[in-house]
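What's counted below: heavy atoms across the whole structure, side chains too, no hydrogens, waters or symmetry copies. In what follows, chains carry the letters A, B, and so on, assigned in the order in which the sequence lines appear, proteins first and then strands, with residues in each chain numbered from 1.
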Amino acid sequence: MKSFYITTAIDYVNGSPHLGHAYEKVLTDVIARFRRMMGDQVHFLTGVDEHGQKVQQSAKKKGIPPQQFADEVSAEFRALLPKLNISNDDFIRTTEERHKKVVGQVLQQLFDKGEIYKAEYKGFYSTRQEQFLQEKDRRPDGAWPEIFGEVTEIVETNYFFKLKQYQEWLVEFLTTHEDFIFPKYRQKQVLEFLKEPLNDLCVSRPRERLEWGIPLPFDGAYVTYVWFDALLNYYSAVADKPGVWPAAYHVIGKDILLPPHAVYWPIMLHAAGLALPGGIIAHGWWMTGGSKMSKSTGNALNPLDLVAEFGTDAFRYFLIREMNVGQDSDFTREQFLVRYNSELANNFGNLVNRTLNMANRFHGAVVPAAEVAEDAEKELHALWEKTREEVIPLCEGFQFHTALEKTFFFITATNAYIEKRAPWKLGKSTEAHDQALLRTSIATMAEALRLGTALLTAVMPATVEKINAVLGHSPGGNWRDELVWGAKLTGTKFAEALVLFPRPEKPKATG
RNA sequence: GCCAGAGUAGCUCAGUGGUAGAGCAAAGGACUCAUAAGCCUUUGGUCCCCGGUUCAAUCCCGGGCUCUGGCACCA
């Protein structure tokens with residue numbers, strides 16, 4: 001069985017989760033569920049980043065220890081997962097012993113190999129903001145903005161990782177691994193970036209400036225800073241699990257692709273003698289009215305509010321259907337309602353309900369066997385074969401939005417098939433051929449519904465489970481077998497009715 | 001400034017060197033199993049602009065305009 005290890009980025013616990021966090025979890029979960037269905041041995045990791053200056057500062061502001069602050073915010077992120085029906089196998093916090101231990105080991109190993117050295121760093125430092133400033137922080141006239149207060153040039157001794165010497169190696173690696181970064185054009189962006197010389201990476205902060213971090217094993221006066229802490233979670237979480245590393249994919253937001261995931265991370269792994277991941281998936285952002293959704297703008301659309309109002313699966317469906325992985329998309333309540341009403345409620349939910357109803361009304365709720373295959377049936381069979389052959393490669397290539405579109409095209413065609421056969425008319429006829437057609441049409445619509453539903457499993461797992469329950473169907477362990485048009489439902493007994501996606505109340509005129 | 005992506009129907013987006021496509025929205029129709037759902041039909045487009053290559057360009061090439069994103073120690 002093929003091992004498939006997939007991760008999300010770890011979320012920084014300096015703010016509450018918003019739509020962007022939710023999306024990344026859902027996207028990764030859909031990939032994880034899809035790979036499980038394809039038979040892979042999946043290990044799915046997510047977690048939180050709890051160290052760093054901002055956590056330390058926020059904790060101080062609230063007058064509580066940083067660990068307590070991290071505990072509180074982490075709990076929020078963790079609580080999000082079951083609400084989104086995320087099937088992660090593990091959840092890592094960078095303050096856990098298992099993580100700190102591995103970070104220490106890797107740092108020590110690189111230090112022993114001479115990959116990390118001590119040097120002086122000279123720069124402009126803002127005491128008020130407790131940070132070094134960059135040239136780009138200057139105002140056009142060369143002065144430092146007011147918020148930095150007094151700025152002085154100071155010299156600080158720190159530890160540096162020899163990033164620069166691996167630049168050529170990384171270019172070579174990316175050139176020979178064209179599919180390392182998805183979408184592809186991002187890989188070009190990285191290679192473009194690598195045309196400029198790299199600097200070595202500062203990996204430490206003196207303890208008097210930053211207490212809240214993992215101490216350097218070879219110098220207790222320092223803690224390691226950001227990337228050697230955060231990025232290594234992917235490895236530290238599975239370091240003691242043989243056969244899991246390397247990761248198949250890291251799913252991240254496009255904002256942390258360059259340079260951390262596309263430059264620091266491959267070089268860190270290479271220098272430490274660890275295998276590189278199969279790839280990096282950089283997804284886009286949810287926008288609202290043309291601006292990025294963030295803490296400040298995103299509060300109007302709390303993902304959990306939509307989950308509470310419309311259900312987890314409708315929310316997951318929208319995120320996956322609307323977003324082309326890698327690109328940005330707009331999120332508005334109006335768009336959500338359009339997809340919810342027209343696709344989930346009218347097209348799909350209604351098909352479930354009417355199928356159950358017709359089986360009940362015209363055949364005692366028991367699914368008959370199909371008896372004839374005329375053009376109407378043959379066309380639907382052919383469309384199914386086509387749909388299945390298209391959807392699987394699309395999912396393998398992370399084109400889930402198109403996969404859902406194709407799936408819904410098949411569901412629409414099933415609705416059209418029903419109209420063509422009109423069982424409610426056949427039911428009034430006593431002719432033998434009409435009766436055979438009636439039984440065939442019920443069997444056909446039931447089988448089509450079962451198959452279309454099976455294609456939605458990764459995106460709407462709970463809904464699929466509910467539908468299978470009312471169809472009296474227990475899917476076998478092999479998903480590919482479930483996708484074969486056959487007679488799996490013949491003889492099963494349907495439940496009476498099921499309204500999956502109730503239409504929302506009309507908004508009140510006063511708003 | 002440099003690099004990358006994008007510009008196609010009212011909206012969101014597919015797409016191919018040879019008569020422009022889907023979904024939603026809009027209009028009409030026949031039906032009634034169903035969540036006033038579904039189905040059928042129709043309306044709707046200088047394919048950003050200007051040149052070039054070609055028998056033929058929305059697609060290829062050049063130039064321009066507009067929008068978006070990236071440009072390192074910031075999590």
Side-chain angles (χ1 to χ4, degrees), chain A residues 9-15 49 51-55 121 123 131-134 136-137 158 160-161 163 183-205 225-227 229-230 253-260 262-264 282 284-285 287 290 292 321-322 324 326-330 332 334-335 337-339 341-362 401-402 405-406 408-409 411-427 441-442 445 497-504:
Chain A
I10 49 174
D11 297 315
Y12 198 55
V13 295
N14 192 42
D49 180 6
H51 286 130
Q53 193 166 38
K54 286 183 181 167
V55 169
Y121 178 79
Q131 66 174 27
F132 275 95
L133 305 176
Q134 307 308 312
K136 67 175 182 184
D137 293 325
N158 263 309
F160 290 81
F161 170 54
L163 199 69
K184 226 170 184 171
Y185 76 86
R186 295 251 173 234
Q187 178 128 348
K188 281 193 258 172
Q189 209 170 63
V190 174
L191 283 167
E192 203 59 40
F193 175 86
L194 287 170
K195 284 180 180 168
E196 298 296 317
L198 293 170
N199 292 326
D200 286 344
L201 179 69
C202 180
V203 298
S204 67
R205 287 293 183 271
Y225 187 61
V226 188
W227 299 116
D229 185 347
K254 64 181 184 179
D255 51 329
I256 51 172
L257 175 65
L258 198 62
V263 178
Y264 303 160
W285 286 334
M287 317 287 282
K292 186 196 171 192
R321 176 66 185 84
E322 189 76 12
N324 181 345
Q327 294 182 6
D328 295 344
S329 284
D330 227 38
T332 65
E334 288 68 32
Q335 278 170 298
L337 284 173
V338 164
R339 292 219 183 270
N341 283 326
S342 73
E343 295 175 12
L344 292 179
N346 297 351
N347 210 330
F348 184 52
N350 185 50
L351 172 65
V352 174
N353 203 36
R354 70 195 298 215
T355 298
L356 293 175
N357 203 284
M358 279 184 271
N360 274 281
R361 191 185 277 231
F362 302 121
H401 66 302
T402 312
E405 189 185 356
K406 303 275 184 197
F408 270 73
F409 187 82
I411 287 165
T412 292
T414 303
N415 273 318
Y417 166 80
I418 293 171
E419 302 291 333
K420 205 173 286 177
R421 282 302 181 212
W424 48 94
K425 283 182 186 162
L426 296 169
S441 68
I442 293 171
M445 72 176 83
L498 174 67
V499 173
L500 284 169
F501 302 101
R503 293 176 68 82

Partner lookup for [N], please. Criteria are Watson-Crick or G-U wobble with both distances under 3.5 angstrom; report none if nothing qualifies.
| N | answer |
| --- | --- |
| B/G28 | B/C40 |
| B/A20 | none |
| B/C71 | B/G1 |
| B/U66 | B/A6 |
| B/C60 | B/G52 |

Looking only at heavy atoms, which two atoms of [X] and [Y] are closest? And how far apart?
| X | Y | result |
| --- | --- | --- |
| A/Glu322 | A/Asp330 | CG-O, 4.3 Å |
| A/Arg186 | A/Ala282 | CD-CB, 4.4 Å |
| A/Ile10 | A/Ala230 | CD1-O, 3.6 Å |
| A/Ser441 | A/Tyr417 | CA-OH, 3.3 Å |
| A/Leu163 | A/Asp200 | N-OD1, 3.0 Å |

[X], nearest nucleotide to its side chain (from [options]):
| X | options | answer |
| --- | --- | --- |
| A/Gln335 | B/C73, B/U12, B/G5 | B/U12 |
| A/Gln189 | B/C40, B/A72, B/G70 | B/G70 |
| A/Asn415 | B/G70, B/C73, B/G38 | B/G38 |
| A/Asn324 | B/A14, B/A72, B/C73 | B/A14 |
| A/Thr412 | B/A14, B/C73, B/C39 | B/C39 |

A/Val338 vs A/Glu196, nearer the 5' end of RNA chain B by closest nucleotide: A/Val338
Take A/Pro197 and A/Val226, find for each the nucleotide of RNA chain B with the closest heavy atom, and name the residue whose nucleotide sits nearer the 5' end. A/Pro197
Let me know the distance between [atom1] of [X] and [atom2] of [N], rounded to the nearest Å.
| X | N | atom1 | atom2 | answer |
| --- | --- | --- | --- | --- |
| A/Glu405 | B/C24 | CD | C1' | 12 Å |
| A/Glu322 | B/C24 | CD | P | 14 Å |
| A/Lys195 | B/G1 | NZ | P | 19 Å |
| A/Arg339 | B/A37 | CZ | P | 18 Å |
| A/Asn347 | B/A25 | CG | C1' | 16 Å |
| A/Arg186 | B/C71 | CZ | P | 10 Å |
| A/Met445 | B/C39 | CE | P | 14 Å |
| A/Leu194 | B/A4 | CG | C1' | 15 Å |

Under 4.0 angstrom, heavy atoms only, what part of the nucleic acid is [X] near: base, sugar-phosphate, or nothing?
| X | result |
| --- | --- |
| A/Asn199 | base |
| A/Lys420 | nothing |
| A/Arg205 | sugar-phosphate |
| A/Asn158 | nothing |

[atom1] atoms of [N] and [M], separation to the nearest Å:
| N | M | atom1 | value |
| --- | --- | --- | --- |
| B/C11 | B/U16 | P | 23 Å |
| B/U43 | B/G7 | C1' | 25 Å |
| B/C60 | B/U66 | C1' | 23 Å |
| B/C47 | B/A57 | P | 13 Å |
| B/G44 | B/G10 | C1' | 9 Å |
| B/U53 | B/A14 | C1' | 27 Å |
| B/C31 | B/A20 | P | 36 Å |
| B/C74 | B/G15 | C1' | 40 Å |

State, yes or no, whether a side-chain contact exists between A/Tyr264 and A/Phe161 at a heavy-atom distance under 4.5 Å. no
Would you call A/Phe408 and A/Leu344 a side-chain contact if the rule is heavy atoms closer than 4.5 Å? yes
From A/Glu192 atom CD to A/Leu194 atom CG, the distance as rounded to the nearest 0.5 Å: 9.5 Å
Would you give a per-nucleotide map of nucleotides 29-36 of chain B, 5' to 3', where B means the base has a protein non-hydrogen atom under 4.0 Å away, S means only the sugar-phosphate does, and - means neither? --SSBBB-
For A/Phe409, look at atom CZ and say whether over 12 heavy atoms of other residues, nucleotides or ligands are found less than 6.0 Å away. no
For the residue pair A/Ser329 and A/Asn324, confirm or rule out a side-chain donor-acceptor distance under 3.5 Å. no
